[in-house]
Amino acid sequence: VKRRLTVGAALAAGALATLPAAAPAATQTVFAQDSGGQLVWNPAALSIRIGDTVEWSMAQATGTHDLWVVPPGVDVHDTANQEAYPVKFPGDAPYSRRFETAGDWFYYCSLHGGREPGGMNGTIAVAGSGTGPSGGAPGRPVSNAPAPALNDWTAPATLEEGDNTAPLLTAVAVKRAGRGARVSFTVSEPGSVSIRLARKGRTVKAKRVRVAAAGTQTVLVRAAKRLKAGRYAVRVRAADAAANESRPARLELTIKR
Ligand SMILES: [Cu+2]
């Protein structure tokens, strides 16, 4: 047994070694540090890959800070095109941002001269792999993002999972009966059957009946008035409880004077 385990482990290691070099998405942390009078982000320079997340932690801060993120190519004074994050206090949850765009990013704390050289700022070099995001868990939403919409969708009490079978409608027949027609049919499962009587394209009478069980049933379709002489198109269609519908049966009924 022990030997087989060893062989298996060696095989697994070999399989891993042949996988393409796609490192999982990583999270890197930058700490706001302000003890000793020097206000810095540490480390001030990061190199990450597309898909990685950076967290700016307040765990080591003793004062308040904010965060501005400057995308590649945006001027440090062009605040309209920068991302502003609200002020945080020592011990607050970190700012968190996932990087999907390669390039040289800049960030700073506006409370502590961050845009100026020597201020509380830093850089993030995001390397594009050429193979797209490296995947992994998505970053957490930034703290100033609007609250996500609540999913208040209520699951249906009954799921008609798996019933994709339409009922079978057979032995459909129609006969004149009094002021209307008598329609008989056989259905393969319970549900409902709808019958439509039309003349010259206009519905004369429509009726829907419940079918409690599979089998043969006869339905009387009575029109409001005595049927005029002519040819009537009769359409019969069955549906089951999951709303699967049979193919319609089309018959003709001729009413003579
Ligand atoms: Cu600051």
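Atoms OG1 and CG, on Thr29 and Leu46 in that order, are 9.0 Å from each other to the nearest 0.5 Å. Atoms CZ and CZ, from Arg247 and Arg237 in turn, are 9.5 Å apart once rounded to the nearest 0.5 Å. In this structure, the separation between CZ on Arg222 and CG on Leu227 is 10.5 Å, given to the nearest 0.5 Å. Here Arg196 contributes atom CZ and Thr203 contributes atom OG1; the two are 4.5 Å apart, rounded to the nearest 0.5 Å. Rounded to the nearest 0.5 angstrom, Asp75 CG and Asn81 CG are separated by 10.0 Å.
A donor-acceptor contact under 3.5 angstrom links the side chains of Thr216 and Thr186, judged on distance only. For the residue pair Arg208 / Ser192, a side-chain donor-acceptor distance below 3.5 Å is found, with atom types taken as modelled.
Linking ILVMFWY side-chain heavy atoms closer than 4.5 Å, directly or via other members, places Trp41 and Val76 in two distinct hydrophobic clusters. Leu251 and Val183 end up in the same hydrophobic cluster when Ile, Leu, Val, Met, Phe, Trp and Tyr side chains are linked at under 4.5 Å. Note: the hydrophobic cluster containing Val209 also contains Val174 (ILVMFWY, side chain heavy atoms under 4.5 Å, direct or indirect links). Under the 4.5 Å side-chain heavy-atom criterion for ILVMFWY residues, no single connected hydrophobic cluster contains both Ile50 and Val70. Put simply, Phe31 and Met58 are part of two different groups of oily side chains (I, L, V, M, F, W, Y) that touch within less than 4.5 Å, one to the next.
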Side-chain donor-acceptor pairs of residues 104-113 under 3.5 Å, sequence neighbours excluded:
residue: Trp105; atom: NE1; partner: Thr101; partner atom: O; Å: 3.0
residue: Tyr108; atom: OH; partner: Gln82; partner atom: OE1; Å: 2.6
residue: Ser110; atom: OG; partner: Asp66; partner atom: OD1; Å: 3.3
residue: Ser110; atom: OG; partner: Asp66; partner atom: OD2; Å: 2.5
residue: Ser110; atom: OG; partner: Trp68; partner atom: NE1; Å: 3.4
residue: His112; atom: ND1; partner: His65; partner atom: ND1; Å: 3.1

Side chain to side chain contact (heavy atoms under 4.5 Å, CB included) between Arg49 and Val126, intermediate numbers included: CA-CA 5 Å; Arg49 291 161 46 93; Val126 182; over 6 Å; no
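Closest approach of Pro190 and Ala212 over heavy atoms only: CB-O, 3.3 Å. Shown here for Lys88 and Ala93, the closest heavy-atom pair between the two residues is NZ-O, 2.7 Å. For the pair Pro94 and Ser57, the tightest heavy-atom approach, listed with the atom from each and the gap, is CB-CA, 3.9 Å. The shortest heavy-atom contact between Ala214 and Ser188 is CB-O, 3.3 Å. A pairwise comparison of heavy atoms in Ala102 and Ala127 identifies CB-C, 4.2 Å as the closest pair. Here the closest heavy-atom approach between residue Glu245 and residue Ala239 is recorded as CG-CB, 4.1 Å.
Counting heavy atoms from C-beta on, the side chains of Val219 and Ile195 come closer than 4.5 Å. Here the side chains of Thr170 and Val172 are not in contact, with every heavy-atom distance at 4.5 Å or above. When side chains are defined from C-beta on, Ile48 counts as touching Val54, because their heavy atoms get closer than 4.5 Å. Taking the side chain as every heavy atom from C-beta outward, Trp56 and Val69 approach each other to under 4.5 Å. Phe89 is listed as a side-chain neighbour of Thr64, based on a closest heavy-atom distance under 4.5 Å. Residues Tyr232 and Glu252 have side chains not in contact (no heavy-atom distance under 4.5 Å, counting atoms from C-beta outward). Val236 is listed as a side-chain neighbour of Val193, based on a closest heavy-atom distance under 4.5 Å. You'll find the side chain of Gln217 reaches within 4.5 Å of the side chain of Val211, heavy atoms only.
In terms of modelled atom types and a separation under 3.5 Å, the side chain of Gln28 and the main chain of Ser47 share a donor-acceptor contact. In this structure a side-chain-to-backbone donor-acceptor pair under 3.5 Å is present from Asp34 to Gly63. Judged purely by atom type and a 3.5 angstrom limit, Arg179 uses its side chain to pair as donor or acceptor with the backbone of Ala223. Although no hydrogens or angles enter the test, the distance criterion places no donor-acceptor pair under 3.5 Å between the side chain of Arg98 and the main chain of Thr53. Not a single donor-acceptor pair under 3.5 Å links the side chain of Asn42 to the backbone N or O of Val30.
Heavy-atom neighbours of Arg176 CZ from other residues, nucleotides or ligands within 6.0 Å: above the threshold of 12.
By the 30° and 60° cut-offs, the orientation of the rings of Tyr85 relative to Tyr95 is perpendicular.
Scanning for salt bridge (Lys or Arg N to Asp or Glu O under 4.0 Å) contacts around Arg199 gives an empty result, with sequence neighbours left out.
For the pair Arg97 and Glu55, the salt-bridge criterion is not met [side-chain N within less than 4.0 Å of a carboxylate O].
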